[in-house]
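Remember, it's 1-based here, ligands and their atoms both numbered in the order they're listed. From a predicted model like this one, the values you see are computed outputs, not experimental measurements.
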Amino acid sequence: MAAVGSAEYALQHLIDPEVCIRCNTCEATCPVHAITHDSRNYVVDFAVCNNCNACVAPCPTGAIDHWHQVVKAMPYTLDEQLSWDNLPAPIELEVGSQAEVPSDVRALTEIATAGQGGPSAPPWSASHPYVNLYSQGRPAVATVTGNYRLTDEGASADIRHIVLDFGTAAFPVLEGQTLGVLPPGMDDSGRPHHVRLYSVASPRDGERPRYNNVALTIKRVNVDHDGKPVLGIGSNYLCDLKIGDKVNVVGPYGASYLMPNHPGSSLMMICTGTGSAPMRAMTERRRRRRALKEGGELLLFFGARVPEELPYFGPLMKLPKDFIDINFAFSRLSDQPKTYVQDRIRDRVDKVFQMLTDDNCYVYLCGLKGMEAGVIEAFRDVCRTNGSDWDALKPQLLAKSRLHIETY
Ligand code: A2P
């Protein structure tokens with residue numbers, strides 16, 4: 001772009017479409033609703049953004065972490081940003097015309113680029129996560145070594161356990177981290193498909209111990225939230241993979257939704273459907289190290305329509321009762337009333353309150369967005385029943401990095 005003449009300049013907050021993994025964290029975080037998206041890009045409305053930076057630290061990739069100097073009267077429009085595949089080159093400014101970078105922008109930029117993003121800090125004893133090792137321009141190429149259906153053949157949901165092997169490429173992951181898959185081909189506008197993000201379902205030492213592989217839990221999407229037929233690009237690509245197929249993978253991502261490692265630390269895990277992936281990873285990590293007798297308690301609340309549609313139902317049922325306390329919630333059993341995880345939490349009011357108030361217990365939610373509000377209401381009731389106040393307890397959990405939520 002040519003140098004611009006005498007003008008007033010401003011910093012415009014932009015999102016790098018090349019790095020963005022479309023996790024929606026920024027849009028969900030922005031308190032003034034300046035961030036929107038279309039089927040492809042996330043964009044920031046210059047007229048609405050007040051540079052409060054609430055979105056910066058939670059971004060797992062740092063894609064959010066861009067400020068371009070622009071002529072104040074001519075910021076990039078939303079339509080321009082939606083059309084980008086990459087950020088434009090910075091404009092050439094007149095000498096001495098640079099817009100002042102606010103100090104809070106500078107400080108938060110440092111946090112975001114330090115790979116310490118995420119809505120909250122990780123548990124104090126979490127292992128150090130590696131993030132952003134592979135980008136869309138330079139993905140890791142994994143080989144499919146397994147693709148197993150987890151749900152009964154007769155069940156309406158096709159949920160699969162897919163194993164990807166990285167061969168000699170280093171792709172270190174911790175339980176709770178995510179990775180991105182690049183489906184091949186083009187979208188309707190003739191551009192490569194954007195990244196699809198999935199939680200890792202295997203522990204850090206591999207789906208098979210000491211193998212350089214990871215597992216994913218993928219549900220084939222063939223209807224949208226309203227029940228209308230729709231073909232999920234990422235999920236159908238993954239569910240149809242054959243052994244030996246190659247997959248382009250980016251990441252890993254996530255530096256806060258991690259499990260504690262200190263002896264005696266307990267986990268309360270609450271999930272629905274494929275939100276079970278990080279819970280499987282954490283449970284398997286603890287199971288493999290059981291002989292070391294270092295772990296505290298494991299309490300799991302797991303919701304599905306029916307047992308036949310609950311991923312990992314068989315293996316979960318085989319786990320010893322003194323290792324993990326499992327509470328299933330089935331919503332569509334013909335002979336029983338609809339039950340959600342929040343109902344089961346209320347059934348276990350004493351246990352849940354004891355764990356919520358135990359500084360060594362870390363709480364994880366993963367699954368349907370609607371479940372989040374229901375679970376928080378159940379926590380409120382659990383506290384009230386015990387003469388306590390959730391609104392007072394929640395900030396303490398957050399301050400101690402004991403509450404981690406990933407819903408979609
Ligand atoms: P439902 O039978 O009402 O759909 P899915 O199979 O769609 O992935 O959902 C997993 C489980 O989560 C199902 O049992 C589903 O029940 C349940 N569920 C749906 N909405 C909520 C909610 N708001 N809170 C808790 N669980 C929910």
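- Taking the ring centre of Phe301 as origin, the terminal cationic atom of Arg344 falls outside the region bounded by 6.0 Å and 45° from the ring axis.
- Shown here is Lys338, whose NZ atom has more than 12 heavy atoms of other residues, nucleotides or ligands within 6.0 Å.
- Salt bridge absent: Asp165 and Arg208 never bring a charged side-chain N and a carboxylate O closer than 4.0 Å.
- In terms of polar-atom proximity, Gly370 is counted as a contact of ligand 1, with an N or O under 3.5 Å from an N or O of the ligand.
- Ligand 1 places these atoms under 4.0 Å from at least one heavy atom of Gln342: 24 (N), 25 (C).
- Between the side chains of Ser127 and Asn261, at least one donor-acceptor pair of N or O atoms lies under 3.5 Å.
- Considering Gly275, Ser331, Gly273, Pro311 only, the shortest heavy-atom separation from atom 1 (P) of ligand 1 involves Ser331.
- For Arg305, a nitrogen or oxygen atom sits less than 3.5 Å from a nitrogen or oxygen atom of ligand 1, counting backbone and side chain alike.
- Atoms of ligand 1 found under 4.0 Å from any heavy atom of Lys219, numbered from 1 in the order shown, are 5 (P), 6 (O), 7 (O), 8 (O).
- Contact atoms of ligand 1 toward Lys338: 1 (P), 2 (O), 3 (O) (distance under 4.0 Å to a heavy atom of the residue).
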Open item on the list: Applying ring pair (Phe, Tyr, Trp, His ring centres under 6.0 Å) to Phe46 and Tyr76, what does each step give before you reach the verdict?
Closed with: CA-CA 8 Å; Phe46 180 76; Tyr76 295 109; 9.6 Å; no
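- Note: Phe328 and Phe330 meet the aromatic proximity criterion, with ring centroids under 6.0 Å apart.
- No heavy atom of Lys369 sits closer than 4.0 Å to any atom of ligand 1.
- Under a 4.0 Å N-O distance rule, the pair Glu207/Arg280 qualifies as a salt bridge.
- No N or O atom of Val341 sits closer than 3.5 Å to an N or O atom of ligand 1.
- At a heavy-atom distance under 4.0 Å, no atom of Ala329 approaches ligand 1.
- Ala157 does not count as a contact of ligand 1, since none of its heavy atoms falls under 4.0 Å from the ligand.
- No salt bridge links Arg285 with Asp205; every basic N to acidic carboxylate O contact stays at or beyond 4.0 Å.
- For atom 19 (C) of ligand 1, the candidate residues are Leu368, Asp343, Ile270, Thr339; the nearest heavy-atom contact is made by Leu368.
- Proximity to Arg332 (heavy-atom distance under 4.0 Å) selects the following atoms of ligand 1: 1 (P), 2 (O), 4 (O).
- Among protein heavy atoms, atom 20 (N) of ligand 1 sits closest to Tyr340 OH, 3.6 Å.
- With contacts defined as side-chain heavy-atom distances shorter than 4.5 Å, the pair Trp124/Ser401 does not qualify.
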